[in-house]
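Take a look at the structure set out below.
Proteins come first, then strands; the chains are lettered A, B, ... in the order of their sequence lines, and each starts at number 1. The shown structure was predicted, so the numbers you read here are calculated from the model rather than taken from an experiment.
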Amino acid sequence: MPERSLDITSFDSSEWSEWVDLENDFEIPPASMTEIINGGQTFLWHTLETDKRWVGLVDEQLVQLRISSGDRLEFSSLKIQEPIAERLVDWLIPPEEYAANMAPLYLLEDAYLKQCIEHFRGLRVLNQPLEEILLTFLCSSNKQIVQIKRMLQLIAQHFGKPVWEGFYTYPSWETISQLELEDLLQCGTGYRGKYILGSAQKIAEDTESFFKKLRDSESPEAKKLLMELPGVGSKVADCILLYGGKRYEAFPLDTWILKAMRERYGLKKESNPQILDFAKTHFGKNAGLAQQFIFAYERKVREL
DNA sequence: GTCCAGGATCACT
DNA sequence: AGTGATCATGGA
């Protein structure tokens, strides 16, 4: 499908609320905010005017973010919507919680990781709905981030709920389970289409209990449950646990991280399970957070 | 045209 | 248990 991406630079500001200070000391530099938005954990957000403004959905609410001249994080939402400040802070992870999550990483003796963290100060794993993250990472395999974005944009546009011009929520798993394969192929999913549909049909047998069981399980068991879905292997399962389940020990081993582990940590001939094992031991209980900094830095130094 | 992308799966040893 | 080919699709 051609469908050029929408022009969102022409917002009618009269429909938006005044900018409001989030009243939390987030301390996120603009470049790090763009990495949060574009770095492959959330896919329907837009960065406007080069690191000046970010627009997207939090659950079903449309939000803009910006950083004031005093380095304060501010937001604005549609006037027709309910206030959303509390959920927004929760989505971004409150600063105190963030600091506590990062603390174990600062204790590590790892000059390379320190460099990655310094370069992307404030970079964080968002607290997004598990249901959405499962869909997004089912689409992610063997695709570039910009392609995953377009795929998901089309899926939301065709089968999700419209929120505002150009912005749609993701469809529910019930909705997806009733689609034809052709519907998904038309969104550019390729061979992932049958995985998405197959997973949806399995989940939709009892959606609530599926996600409840997932949330109630210990991480190893949750990973096993996820990998029973078609299209979910070890890496995708770890992404879902990390980005949709606050399971910060999950360590997604993608091509970039593999490159880093081989070149920066000397794991030249180790197998993937061995590398995963090393990473979990070396980086400790919040290994997944370390992974996010390394991923961002590796892509950055190779200019992507 | 070739290579590769935030891999998973199946068919082979 | 560990490799290799194959899977759609689009960008570089």
Side-chain angles (χ1 to χ4, degrees), chain A residues 1-5 34-45 116 120 123-126 128 132-155 158 180-200 202 223-245 247-248 250-263 267-277 279 287-304:
Chain A
M1 291 279 102
E3 301 203 45
R4 54 184 202 82
S5 58
T34 291
E35 180 62 24
I36 291 169
I37 295 303
N38 296 343
Q41 62 172 325
T42 191
F43 300 91
L44 296 184
W45 275 67
C116 299
F120 283 102
L123 177 61
R124 57 190 62 215
V125 169
L126 297 169
Q128 300 182 87
E132 294 184 8
I133 294 298
L134 173 55
L135 174 63
T136 62
F137 281 97
L138 268 171
C139 293
S140 73
S141 76
N142 207 17
K143 274 292 184 193
Q144 294 184 159
I145 291 175
V146 338
Q147 297 174 359
I148 301 169
K149 281 185 184 172
R150 198 185 31 256
M151 206 184 291
L152 288 165
Q153 180 113 33
L154 289 173
I155 290 176
H158 287 269
E180 302 291 332
L181 179 55
E182 190 57 34
D183 297 326
L184 289 167
L185 294 180
Q186 156 198 346
C187 298
T189 55
Y191 66 83
R192 298 156 203 79
K194 60 180 180 296
Y195 294 152
I196 299 167
L197 194 55
S199 289
K202 213 160 159 178
K223 181 168 180 178
K224 226 182 82 188
L225 283 172
L226 284 168
M227 290 178 67
E228 288 171 7
L229 296 173
V232 180
S234 174
K235 186 270 175 183
V236 167
D238 280 334
C239 282
I240 296 166
L241 294 173
L242 175 61
Y243 294 112
R247 313 234 188 197
Y248 300 142
F251 193 90
L253 255 189
D254 76 307
T255 52
W256 293 96
I257 297 299
L258 277 172
K259 209 172 300 182
M261 298 308 286
R262 287 200 268 256
E263 293 175 11
L267 305 176
K268 298 283 186 189
K269 41 183 288 191
E270 279 76 2
S271 68
N272 287 13
Q274 285 174 316
I275 293 177
L276 190 54
D277 203 51
L289 303 185
Q291 172 274 162
Q292 187 182 31
F293 287 96
I294 295 171
F295 177 81
Y297 190 79
E298 286 295 324
R299 294 179 75 240
K300 166 78 179 180
V301 296
R302 290 176 169 81
E303 289 306 333
L304 260 163

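Regarding Asn272(A), its CG atom lies at a distance of 16 Å from the P atom of dA1(C), rounded to whole Å. The CG atom of Leu229(A) sits 12 Å away from the P atom of dA8(B) (whole-angstrom rounding). The CD-P distance, from Glu270(A) to dT3(C), rounds to 12 Å in whole Å. dA8(B) atom C1' lies 17 Å from atom CG of Leu197(A), rounded to whole Å. Ile275(A) places its CD1 atom 13 Å from the P atom of dG2(C), with the value rounded to the nearest Å. Put simply, CG on Leu181(A) is 10 Å from P on dT9(C), counting in whole angstrom units. Note: CD (Gln144(A)) to P (dC4(B)) measures 12 Å, nearest angstrom. If you measure from atom CD1 of Ile257(A) to atom P of dA5(B), you get 13 Å, rounded to the nearest angstrom.
The aromatic rings of Phe295(A) and Trp256(A) sit perpendicular, their planes meeting at an angle over 60°, well past the 30° parallel limit.
Taking atom P in both dG6(B) and dG4(C), one finds a spacing of 23 Å when rounded to whole Å. Taking the C1' atom of each, dG1(B) and dG11(C) are spaced 14 Å apart, rounded to whole Å. Nucleotides dA5(C) and dC3(B) place their P atoms 14 Å apart, quoted to the nearest Å. For the P atom pair drawn from dT9(B) and dG10(C), the interatomic distance equals 22 Å after rounding to whole Å.
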Under 3.5 Å between N/O atoms: give me all the protein pairs with nucleotides 6-8 of chain C, atom names plus distance.
unit_1 : atom_1 : unit_2    : atom_2 : d
dA8(C) : O4'    : Tyr191(A) : N      : 3.0

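Remark on DNA chain B: of its neighbouring residues Met227(A) and Gln41(A), the 5'-side contact belongs to Gln41(A), judged by nearest-heavy-atom nucleotide. Take the nearest nucleotide of DNA chain B for Gly231(A) and for Ile148(A): the residue whose nucleotide is more 5' is Ile148(A).
Residue Tyr243(A) is in base contact, counting any heavy-atom pair closer than 4.0 Å across all strands shown. Note on Gly193(A): nothing from the nucleic acid sits closer than 4.0 angstrom, heavy atoms only. Residue contacts shown for Ile294(A) are absent, as no nucleic acid heavy atom lies under 4.0 Å away. If you check every strand for non-hydrogen atoms under 4.0 Å, Gly40(A) touches a base. Within 4.0 Å (heavy atoms only), Ser271(A) reaches no atom of the nucleic acid at all.
Set against dA8(B), dG6(B), dA5(B), the side chain of Val236(A) has dA8(B) as its closest nucleotide.
Here NZ of Lys300(A) is found 12.5 Å from SG of Cys116(A). Values are rounded to the nearest 0.5 Å. The line from CD of Gln186(A) to CG of Leu154(A) is 8.0 Å long, rounded to the nearest 0.5 Å.
When all heavy atoms of Leu197(A) and Leu181(A) are compared, the closest pair comes out as CD2-N, 3.7 Å.
The base of dG10(C) lies close enough to the side chain of Gln147(A) for a donor and an acceptor atom to sit less than 3.5 Å apart.
Within a 6.0 Å radius of NZ in Lys202(A), other residues, nucleotides and ligands contribute more than 12 heavy atoms. Enclosure of atom NZ in Lys224(A) is not indicated, since only 12 or fewer non-hydrogen atoms of other residues, nucleotides or ligands lie within 6.0 angstrom.
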Item to check | Audit row: Glu132(A), Leu135(A), side-chain contact (heavy atoms from CB on, under 4.5 Å) steps and yes/no | outcome: CA-CA 5 Å; Glu132(A) 294 184 8; Leu135(A) 174 63; 5.9 Å; no
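Listed pair Arg150(A) / dG11(C) meets the phosphate criterion, a side-chain N or O lying under 4.0 Å from OP1 or OP2.
Stacking between Trp256(A) and dG6(B) is absent: the aromatic ring centre is not both under 5.5 angstrom from the base six-membered ring centre and within 30 degrees in plane angle.
A donor-acceptor distance shorter than 3.5 angstrom exists from the side chain of Asp183(A) to the backbone of Glu180(A), with no hydrogens or angles considered.
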